[in-house]
Amino acid sequence: MNEPKTVPISGLAKKLVQANLLDVNAASHALDNASKKKIPFVAYLVEKQIVDEQAIAYTASVEFGDPLFDLNAMDLEIIPKDMVSEKLIRKHHALPLYRRGNRLYVAVSDPTNLEALDEFKFHTAISTEAILVEEKKLIEAIEKVLTEKESSALSNLQDTDLDSLDISSIEEIEKTDDDSDSDVDDAPIVRFVNKVLLDAINRGASDIHFEPYEKIYRVRLRQDGILHEFASPPVNLAPRLAARLKVMSRLDISERRIPQDGRFKMKLSRNRAIDFRVSTCPTLFGEKVVMRILDPSSAKMGIDALGYEDFQRELFLNAIHRPQGMVIVTGPTGSGKTVSLYTALNILNVAEVNISTAEDPVEINLPGINQVNVNPKAGLTFSNALRSFLRQDPDIIMVGEIRDLETAEIAVKASQTGHMVLSTLHTNSAPETLTRLINMGIESFNLATSVTLVIAQRLARRLCSHCKKEVQLPVEAMHEAGFTEEEIKENLSFFEPQECEQCTKGYKGRVGLYEVMPVSEAIGKIIMAGGNAFDIAEQMKKEGCINLRRSGLNKVKLGLTSIEEIYRVTKD
């Protein structure tokens, strides 16, 4: 019988055994597995939660005499980012912290990592010294420094760099001879389009509008929900700009009379790629092209980043984890419905469940989820896709949008027969969603027993933390906004937008406003009794749920947004 393989124990592993943090067999096993996975020994111990990272760092500091440093106390902005390459930092899992004279101090989680110090010394031509830090903090610092370095390099790209961006069609269709012979690949047009795309990404824009008019050509970016003019190229470039965008999206450049839809992907770096959804529309003076920027990272924000109140988050999580029922997210275009649904799908996406989605179109690819692109021209409608899903043993179904009675009926029946259904609808509030479905033709008793939760949402611009200015509001204005007498007596702080280099007209980013309404027994009775949206809203208020205006006022109290912005995105 073969004896199990043992790995000689030395260095930090030996010290951890001597400190009774590991036994010999566990240390040998960890060294062997870390070597097989080609990851540092300390990283393996922390990842598998075998030894606490603080205990490792303290023991290593005592045994090897290296200073122990808290990376949270370090201003990562002053780190010498260009002294060694990203490849070296990742290879040796070590980060240069600062230079003092002719000595470079390097953060490591394993003081026996002498190879890192030697190679850093070779590449920088100065002496190196180890600074001991905790493993998780080192990982976070490395990622933050390298991400900022990448973003900085991206924002400083010159025209000569723009041609080399990796841009490919989502469908990977080969170019036709017509494409290769066209004049749309001339360098100035290519550089201008690439520059617009990069600037839009850097500014956090969600859409880009290329608009031809009789005497001008306008490029606008939608930032934080508001369109801003960005560039005005010569109007005679309109046909070539439209043709270039259509070639990138693998659309028919010879067809200018009908709308077309396409997609392409821009690879910014080894770890980051952005998808663009493209729509063309013939107008009086040429083709208008609108591009939706789809960043896959937005689907992985996590529920805590969306802006739910604590009780709203609990209602949301409880509803999506039920074995059956329907959760409907409602709001106008651009209110963040897709991000909310993708957040739910990411939470639910585990190997034990079968998830299928029907979308028009699929915006972000989610590994582990069966996503179907609805194609009405080919006969693949939402209702047909839903019927197909029900024959494929689903646990969770996501319908991009309920647009007609047939789709609504199938979704309701699916939620009543042991499936969790997620979908969206275009209404102004949560109570109106239920009455809208009844008006579409759904029987009230089916609605009352199938819908679990309705979420109405909006996105409000977030005040820039660098330049927002505190102001005093008159009591009358606070009453008019909807604050209670108790809140007015609290001496609340209010802020208004200014403007600085860090933001756009005083705002940077957005925050969600939510109206989360569980369909309780009482609300179900109102539905079956033929009650209207006002009756449902009254009951919702009695049950402690807040409406969109109240959600907005709570964000104002926290200093996240302004009263003016809440007026803009919520109705009275």
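Values below: every heavy atom of this structure, side chains too, minus hydrogens, waters and symmetry copies.
Judged as a side-chain contact (heavy atoms from CB on, under 4.5 Å), and not counting sequence neighbours, the contacts of Ala477 are Pro474. Legend: residues meeting side chain to side chain donor-acceptor pair (under 3.5 Å) with Ser340, ordered by chain and number and at least two apart, are Gln457. Residues meeting the side chain to side chain donor-acceptor pair (under 3.5 Å) test with Glu470, sequence neighbours left out: Ser493. Scanning for side chain to side chain donor-acceptor pair (under 3.5 Å) contacts around Asn354 gives Asn370, with sequence neighbours left out. Take Val353 and apply the side-chain contact (heavy atoms from CB on, under 4.5 Å) test, not counting sequence neighbours, and it matches Val350, Ile355, Asp395, Ile396. Residues forming a side-chain contact (heavy atoms from CB on, under 4.5 Å) with Ser279 (at least two apart in sequence, or on another chain): Asp261. Every residue was checked against the salt bridge (Lys or Arg N to Asp or Glu O under 4.0 Å) condition with Glu499, not counting sequence neighbours, and none meets it. Taking Leu380 as the reference, Val372, Asn375, Ala385 meet the side-chain contact (heavy atoms from CB on, under 4.5 Å) condition, with sequence neighbours excluded. Applying the side chain to side chain donor-acceptor pair (under 3.5 Å) rule to Tyr98 yields no partners; only residues at least two apart in sequence or on another chain are considered. Applying the salt bridge (Lys or Arg N to Asp or Glu O under 4.0 Å) rule to Arg403 yields the partners Asp360, Glu401; only residues at least two apart in sequence or on another chain are considered.
Note that CD1 of Ile274 is 11.0 Å distant from CG of Leu197, once rounded to the nearest 0.5 Å. Atom CE of Met517 and atom CD1 of Ile455 lie 10.5 Å apart (nearest 0.5 Å). With rounding to the nearest 0.5 Å, the separation of CG in Leu71 from CD1 in Ile139 is 11.5 Å. The CG atom of Leu553 lies 4.5 Å from the CZ atom of Phe483; values are rounded to the nearest 0.5 Å. Ile258 CD1 to Gln260 CD: the interatomic distance, rounded to the nearest 0.5 Å, is 6.0 Å. Between the OH atom of Tyr342 and the NZ atom of Lys337 there is a distance of 13.0 Å, given to the nearest 0.5 Å.
Identified under the side-chain hydrogen bond (donor to acceptor under 3.5 Å, both in side chains) test for residues 459-468, with sequence neighbours left out: Arg461-Glu565.
More than 12 heavy-atom neighbours from other residues, nucleotides or ligands sit within 6.0 angstrom of CZ on Arg550. Remark: Lys469 NZ is loosely packed, at most 12 non-hydrogen atoms of other residues, nucleotides or ligands lying under 6.0 Å away.
Residues Phe276 and Ile201 are in side-chain contact: their nearest non-hydrogen atoms beyond the backbone lie under 4.5 Å apart. The closest side-chain heavy-atom distance from Leu341 to Met398 is below 4.5 Å. Residues His92 and Val106 have side chains not in contact (no heavy-atom distance under 4.5 Å, counting atoms from C-beta outward).
Between the side chain of Glu255 and the backbone N or O of Arg257 there is at least one donor-acceptor pair closer than 3.5 Å. Without hydrogens or angle criteria, Thr330 side chain to Ala456 main chain gives no donor-acceptor distance under 3.5 Å. Lys246 places a side-chain N or O within donor-acceptor distance of the main-chain N or O of Asp252, the cut-off being under 3.5 Å. Panel note: side chain Glu515, backbone Ala430; a donor-acceptor pair is recorded below 3.5 Å. The backbone N or O of Leu317 sits less than 3.5 Å from a side-chain atom of His321, completing a donor-acceptor pair. The backbone N or O of Ile566 lies less than 3.5 Å from no partner atom in the side chain of Arg549, so there is not a single donor-acceptor pair. Listed for the Lys557 side chain is no donor-acceptor partner under 3.5 Å among the backbone atoms of Leu492. Here the side chain of Thr561 pairs no donor or acceptor atom with the backbone of Lys555 at under 3.5 angstrom. Remark: the backbone N or O of Arg220 is not paired with any side-chain donor or acceptor of Asp207 at under 3.5 angstrom. Counting only distance, with no hydrogens or angles, the side chain of Gln502 and the backbone of Cys464 share no donor-acceptor pair below 3.5 Å.
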What's the verdict on side chain to side chain contact (heavy atoms under 4.5 Å, CB included) for Arg568 and Ile226, showing C-alpha distance, side-chain angles and the deciding distance? CA-CA 11 Å; Arg568 185 182 72 83; Ile226 304 294; 3.4 Å; yes
Evaluate the side chain to side chain contact (heavy atoms under 4.5 Å, CB included) criterion for residues Thr433 and Val451: first the C-alpha distance (whole Å), next the side-chain angles of each, then the deciding distance (0.1 Å), finally the verdict. CA-CA 11 Å; Thr433 302; Val451 179; over 6 Å; no
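The side-chain contact (heavy atoms from CB on, under 4.5 Å) test with Ile369 singles out one residue from Thr357, Asn346, Leu348, Val362, and that residue is Thr357.
Under the 30°/60° scheme for interplanar angles, the aromatic rings of Tyr514 and Tyr308 are found to lie parallel.
Residue Met248 comes nearest to Phe264 through the heavy atom pair O-CB, 3.3 Å, listed as atom of the first residue, atom of the second, then distance. Nearest approach of Pro212 to Thr283, heavy atoms of both residues: CG-OG1, 4.0 Å. Scanning all heavy atoms of the two residues, the minimum distance from Thr124 to Phe120 falls at OG1-O, 2.7 Å.
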Can you give me every donor-acceptor pair (side chain of residues 227-235, partner residue at least two apart or in another chain, under 3.5 Å) with its distance?
from	atom 1	to	atom 2	distance (Å)
Glu229	OE2	Ser232	OG	3.0

